[in-house]
2 protein chains.
Amino acid sequence: MIWTREIEHKNKYPNANVISLGIGDTTEPLPDVVALSMANYARKLSTPKGYRGYGAEQGCKALRKAIAETVYKDIGIKDSEVFVSDGAQGDICRLQLLFGSNMSVAVQDPTFPAYVDSSVIIGQTGDVNRESGSYQKIEYMACGPHNSFFPDLSKTGRTDIIFFCSPNNPTGHAASFEQLEQLVQFAQENGSIIVYDSAYAVYIKDGRPRSIYEVPGARKVAIEVSSFSKIAGFTGVRLGWTVVPEELLYSNGFPVIKDYNRVVCTCFNGASRISQAGGLACLSSEGFKAVLSLVDYYKENAEILLETFKSVGLRAYGGENAPYLWVHFPGSNSWDVFNEILEKTHIITVPGSGFGPAGKEFIRVTAFGHRENILEASKRLRSFLS
Amino acid sequence: MIWTREIEHKNKYPNANVISLGIGDTTEPLPDVVALSMANYARKLSTPKGYRGYGAEQGCKALRKAIAETVYKDIGIKDSEVFVSDGAQGDICRLQLLFGSNMSVAVQDPTFPAYVDSSVIIGQTGDVNRESGSYQKIEYMACGPHNSFFPDLSKTGRTDIIFFCSPNNPTGHAASFEQLEQLVQFAQENGSIIVYDSAYAVYIKDGRPRSIYEVPGARKVAIEVSSFSKIAGFTGVRLGWTVVPEELLYSNGFPVIKDYNRVVCTCFNGASRISQAGGLACLSSEGFKAVLSLVDYYKENAEILLETFKSVGLRAYGGENAPYLWVHFPGSNSWDVFNEILEKTHIITVPGSGFGPAGKEFIRVTAFGHRENILEASKRLRSFLS
């Protein structure tokens, strides 16, 4: 476990300035306009006029509308297709409740662990192979430098559900329009539902799709899960959303949105109204500018780190359209690399093997962090790796 | 559906002052100290010192400790056994994820619908009987005036899980110590897990147990789900908790708490930190006094309503240790009663049959509401029913 290693290390070097480039957690303060809107909302809850009780389970109308109009501008998502939530992780589990245990599942390899872990909990995975750590009934879609981080779909088995994260956690790869076209076509041919995780979409800078719905036909095959966590630093505030298009149908013709609405109304009682007020402020014109400048800050961090690894001759992927870097140490074991970096530089990373078998020669490095820590980490890494 | 009837009614009588005693939603402003603590916490999120990202999935330590020490004073619940959440409804579904589809389930009849609805979603219930609306594989434990609102356990079939809500929604009955002793013994004998919903425990005024853990042996058989919603008016703020005692084991000896911790860490990313700051303020000595006086306000509402029904010769149950009244209209159909009351008094209630077959002669009336509305409703009901 990373955190037990972290504690051991801090005990061994009590005076070391340990820098974490491990867990992807936001570090910079919220924009004033966003914090103020939440503070004002909370304050008014003690007044007869400002008090509010239960809200709609699907989120307040104004926020659903703002998400549809701001995040999905010109893409044609309806307010009623946006389900506001307390974050993507909860939404993934609510989707698993929707799917149930008899669905077959594909994930990218490497992958964000929550898709697999939630599949295990709902009972979709079958037995685990003790050696590789992979599950019998999960289709692992290898993604690496050899295939431009996009699976060879001609060799991918048909599944009911395809979890697909872009920009990817952990590899930082943002899928191209052509790649997503292939994915949508593959889902159409197989009658599969894509669960598209776009939590890092705002980090895309080179024009690649920020939403699966930019691809024609996606409304018939894809659910999109996203979050304010990495857009606006809401990791502690908790706010996200899921889009379920009306055209997405089960094979018997029943609309998935009706079923999802039922799961949401049964298993969830709405995101905190205070967090929703913050989300609305994020999507106001002043707020949106402010959160995008926060995102720019982390993007610059990513550039500094990318340059660092390149300068010492390592291949680092991601970092351009994502707040994560996926650094290749050919022929090595990711836990050894993790341990050596920690021991020699007091920097915490994440061993790639934690994201799946394909991660064994990689480490993940996050670009979330205070600038001075990123610069100091860069200095130490240059010195150690060169 | 109640809300379609409500809309129809308002269209028919556009000038009527419709009073809702239907959905149990809090109406009174939060105490100043609570709203201020949330406002201050939110405001500080825009400062370098005050910003916080992800918190522990299980909730912040201070709040877990405050819940253990304030709500479970002298009952010996450990901080580490308290899992803070965004509310009881989400916790019930996380528990269903823990249990999975192969568990058998018992519910009180009438019952809060979320237990059954979540059982349907996870796949525990089998087919529905179209006529009665009951599910083949669910054990319905009839609770009514004939058995002091406590099931005849000698006639109750063994199930893996027993959902039990006290003070009960909808009947307003708070189980006595002796009744809970019987329930715990029954669970022990059958190797069942009780999921005890104590969301309304703070409304108990006559010394009955406010927690299942007041009963010896309960730590080995019971999980307790609770919430700040009805304690502090947090229905829109979203904050709750679940207690899983260390001594609760599966039949193979594995601790349930370890499994629940895994579900929480996979399917949930912690309650909003702002809501948690509010919860902490509720449990401070000043805050706790203030929220209890809110609870007193609703208790007085309940007394007014209870007196109203009694004065016209109707039998109304609950209302003494709970914010709900369960009013008996012998020989009638609850939807007819609901419709007649709405038509003649412009008051919305809830037909009892929505809570299960045993509710067919009852309506549920909530005591949440502004005092002037409660008094006006009382006047109209006295005049209509006498």
Side-chain angles (χ1 to χ4, degrees), chain A residues 23 25-32 34-36 38-48 50-55 86-90 92-94 96-98 100-101 114 117-118 120-123 229 233 235-239 262-263 266-275 278 368, chain B residues 23 25-32 34-36 38-48 50-55 86-90 92-94 96-98 100-101 114 117-118 120-123 229 233 235-239 262-263 266-275 278 368:
Chain A
I23 182 174
D25 193 5
T26 48
T27 56
E28 302 311 298
L30 299 187
D32 262 328
V34 175
L36 258 176
M38 292 196 287
N40 288 340
Y41 194 95
R43 190 70 192 86
K44 283 188 197 156
L45 289 175
S46 65
T47 65
Y51 182 74
R52 294 286 180 281
Y54 287 122
D86 64 331
Q89 198 141 338
I92 288 163
C93 273
R94 283 181 280 272
Q96 294 284 24
L97 274 168
L98 180 84
S101 56
D117 293 348
S118 61
V120 172
I121 286 173
I122 202 84
S229 289
T235 48
V237 170
R238 311 305 312 141
L239 196 67
R262 185 175 156 216
V263 169
T266 304
C267 302
F268 186 59
N269 238 322
S272 172
R273 283 180 174 274
I274 303 169
S275 307
F368 294 112
Chain B
I23 181 174
D25 193 5
T26 48
T27 56
E28 301 311 298
L30 300 187
D32 263 328
V34 175
L36 258 177
M38 292 196 286
N40 288 340
Y41 194 96
R43 190 69 192 86
K44 284 188 196 154
L45 289 175
S46 65
T47 65
Y51 182 74
R52 294 286 181 282
Y54 287 121
D86 63 331
Q89 197 140 338
I92 287 163
C93 272
R94 284 181 280 273
Q96 294 285 24
L97 274 168
L98 179 85
S101 55
D117 293 348
S118 62
V120 172
I121 286 174
I122 202 84
S229 288
T235 48
V237 170
R238 312 304 313 140
L239 196 67
R262 185 175 156 219
V263 170
T266 303
C267 301
F268 187 59
N269 239 321
S272 171
R273 283 179 173 275
I274 302 168
S275 307
F368 295 112

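Convention: sequence-line order gives letters A, B, ...; per-chain numbering from 1.
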Scanning both residues in full, the closest heavy-atom pair of A:Gly53 with B:Thr235 reads CA-OG1, 3.1 Å
Given a strict heavy-atom distance threshold of 4.5 Å, which part of B:Pro31 is in contact with chain A: side chain, backbone, both, or neither?
backbone
Which atoms of A:Glu28 are under 4.5 Å from chain B, going by heavy atoms: the side chain, the backbone, both sets, or neither?
backbone
Using a 4.5 angstrom heavy-atom cutoff, name the option from A:Gly87, A:Pro48, A:Gly55 with the most pairs to chain B.
A:Pro48
Measuring from atom SG of B:Cys267 to atom CD of A:Gln96, what distance do you get when rounded to the nearest 0.5 angstrom?
8.5 Å
Do A:Asp86 and B:Asn269 have side-chain heavy atoms sitting under 4.5 Å apart?
no
Which portion of B:Ala271 sits near chain A, non-hydrogen atoms under 4.5 angstrom:
backbone
B:Ile23, B:Ile122, B:Thr266: which one forms the most heavy-atom pairs within less than 4.5 Å of chain A?
B:Thr266
By a 4.5 Å heavy-atom criterion (distance strictly below it), what part of A:Ser118 contacts chain B: side chain, backbone, both, or neither?
both
Of the non-hydrogen atoms in B:Arg43 and A:Ala35, which two are nearest, and what is the gap between them?
O-CB, 4.0 Å
Among the options B:Thr26, B:Leu45, B:Leu30, pick out the one with the most heavy-atom pairs lying under 4.5 Å from chain A.
B:Leu30
Using side-chain heavy atoms (C-beta onward) and a distance below 4.5 Å, is A:Val237 in contact with B:Arg273?
no
Got a sec, which residues hit salt bridge (Lys or Arg N to Asp or Glu O under 4.0 Å) with A:Arg52, two or more places apart in sequence or on another chain?
none
In Å, rounded to the nearest 0.5 Å, how long is the span from CG of B:Leu97 to CD1 of A:Ile121?
6.5 Å
Please check this pair: side chain of A:Tyr51 against backbone of B:Gly233, looking for a donor-acceptor N/O pair closer than 3.5 Å.
yes
